[in-house]
Amino acid sequence: MTKAKNVAIFISGRGSNMEALMHNCKDDPLINFCLVFSNNASAQGLEIAQNFGVETKAFNKKEFESADAFDDAIIALLREKEIDLVCLAGYMAIVSAKVIHAFPNKIINIHPSLLPSFPGLNVQQKAIDYGVKVAGCTVHFIDEKVDHGPIITQKSVEVNHNDTQETLTEKILVQEHKIYSEALKLFCHDKLEIIDRIVHVNNI
Ligand code: GAR
C-alpha cells in the first residue's frame with residue numbers, strides 16, 4: 001500500500017490557500033500535514049495552522065549570517081520532518097537553487113495567472129491592464145526560473161469589463177483553493193509523472 005506523504009506548507013501571509021489545502025485534504029489518508037513554515041513570524045496563517053494542530057516554524061533570512069546558512073536551516077528542517085512535498089502557498093520569497101536541488105520535483109507552487117502569461121507579482125492587475133478576456137491560476141512544480149516549472153493544472157476565469165483587481169483576485173482565489181487541493185491529492189496518490197517538462201496526470 002502507498003505510504004502517506006509528509007507535507008510542509010510555506011506561507012508568508014494570510015494563508016487562505018494553506019487553509020483550503022488543510023480543510024479539503026484533512027480526510028485523505030495519504031496526506032499528512034507535518035509543518036507550516038513562514039519567513040514572516042507575524043503571518044496570519046500561522047495561527048490558522050496551529051488551530052489545525054499542525055506544527056509551525058518561522059524564521060527569516062535576515063536572522064542568518066548568509067543566504068546559504070538560511071538555506072541550510074530550511075533543508076535541515078525539511079529533512080528532520082522527513083518531508084516528501086513542499087507546497088508554496090503565498091510564499092513571497094524565491095526558493096534558492098540549493099533548496100530546489102535538495103528536493104527535486106518535490107516543491108510545488110500556486111500562482112494567480114495562467115502561466116507562462118504574467119509571472120511575478122501583482123499579476124491580477126497586470127492581466128486587467130493588458131486587457132485579457134481570460135485569466136486564471138496555475139499549480140506547477142518549481143524550478144530555478146521564477147514561475148516557470150512544469151505545469152500540473154490550471155483553471156481559467158472570465159475577465160469582465162467591470163472587473164477590478166479586487167474582484168478578479170477574489171474570482172481567481174476561489175479557483176486556486178480548488179485546483180491546489182486537487183494537485184496535492186494527485187501528487188500524494190503518486191498520480192503525477194514528469195517527462196521532458198510535461199506533467200502526465202493519471203486521475204485518482
Ligand atoms: C495567492 O493568490 C497566491 O496565488 C499568491 O499569493 C496569494 C496568497 O494568498 N501567490 C503568488 O503570487 C506567488 N507568486 P493566501 O496567503 O491567502 O494563500
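Numbers for residues simply follow the sequence, beginning at 1. Read the numbers this way: they start at 1 and go in the same order the structure lists the ligands and their atoms.
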Nearest to atom 6 (O) of ligand 1, what protein heavy atom do you find, and at what distance?
Met92 CE, 3.3 Å
Could you verify whether a donor N or O on one side chain and an acceptor N or O on the other, from Ser42 and Asn40, lie under 3.5 Å apart?
yes
Counting only heavy atoms, tell me which of Gly15, Pro112, Gly45 gets closest to atom 5 (C) of ligand 1.
Pro112
Is it true that Glu176 and Asn17 share a donor-acceptor pair across their side chains at a distance under 3.5 Å?
yes
Over 60° means perpendicular and under 30° means parallel, so classify the ring planes of Tyr130 and Phe118, tilted if in between.
perpendicular
Tell me whether ligand 1 is touched by Ile110 - counting only heavy atoms on the residue side and a distance under 4.0 Å.
yes
With respect to Ser16, determine whether any N or O atom, backbone or side chain, lies less than 3.5 Å from an N or O atom of ligand 1.
yes
Using the six-membered ring wherever Trp is involved, compare the ring planes of Phe59 and Phe70 and label them parallel, tilted or perpendicular (cut-offs 30° and 60°).
perpendicular
Answer yes when Asp71 and Lys61 have at least one side-chain N-carboxylate O distance shorter than 4.0 Å, and no when they do not.
no
Could you establish whether Glu19 and ligand 1 come within less than 4.0 Å of each other, counting only heavy atoms on the residue side?
no
Does Asn17, backbone or side chain, put an N or O under 3.5 Å from an N or O of ligand 1?
yes
Is there side-chain contact between Leu173 and Pro112, with heavy atoms separated by less than 4.5 Å?
no
Give me the nearest non-hydrogen protein atom to atom 8 (C) of ligand 1 as residue plus atom name, then the distance to 0.1 Å.
Gly90 CA, 3.6 Å
Determine whether a donor-acceptor pair (N or O, by modelled atom type, separation under 3.5 Å) exists between the side chain of Ser181 and the backbone of His177.
yes
Is the contact between Met18 and ligand 1 made by the side chain, the backbone, both, or neither, using heavy atoms and a 4.0 Å cut-off?
neither
Which of the numbered atoms in ligand 1 are below 4.0 angstrom from a heavy atom of Arg14?
9 (O), 15 (P), 16 (O), 17 (O)
Are Glu55 and Lys81 ion-paired here, with the side-chain N under 4.0 Å from a carboxylate O?
yes
Tell me the protein heavy atom at minimum distance from atom 14 (N) of ligand 1, and give that distance in Å.
His111 ND1, 3.6 Å
Give the residue and atom name of whichever protein heavy atom lies nearest to atom 4 (O) of ligand 1, and the separation in Å to one decimal.
Glu176 OE1, 2.7 Å
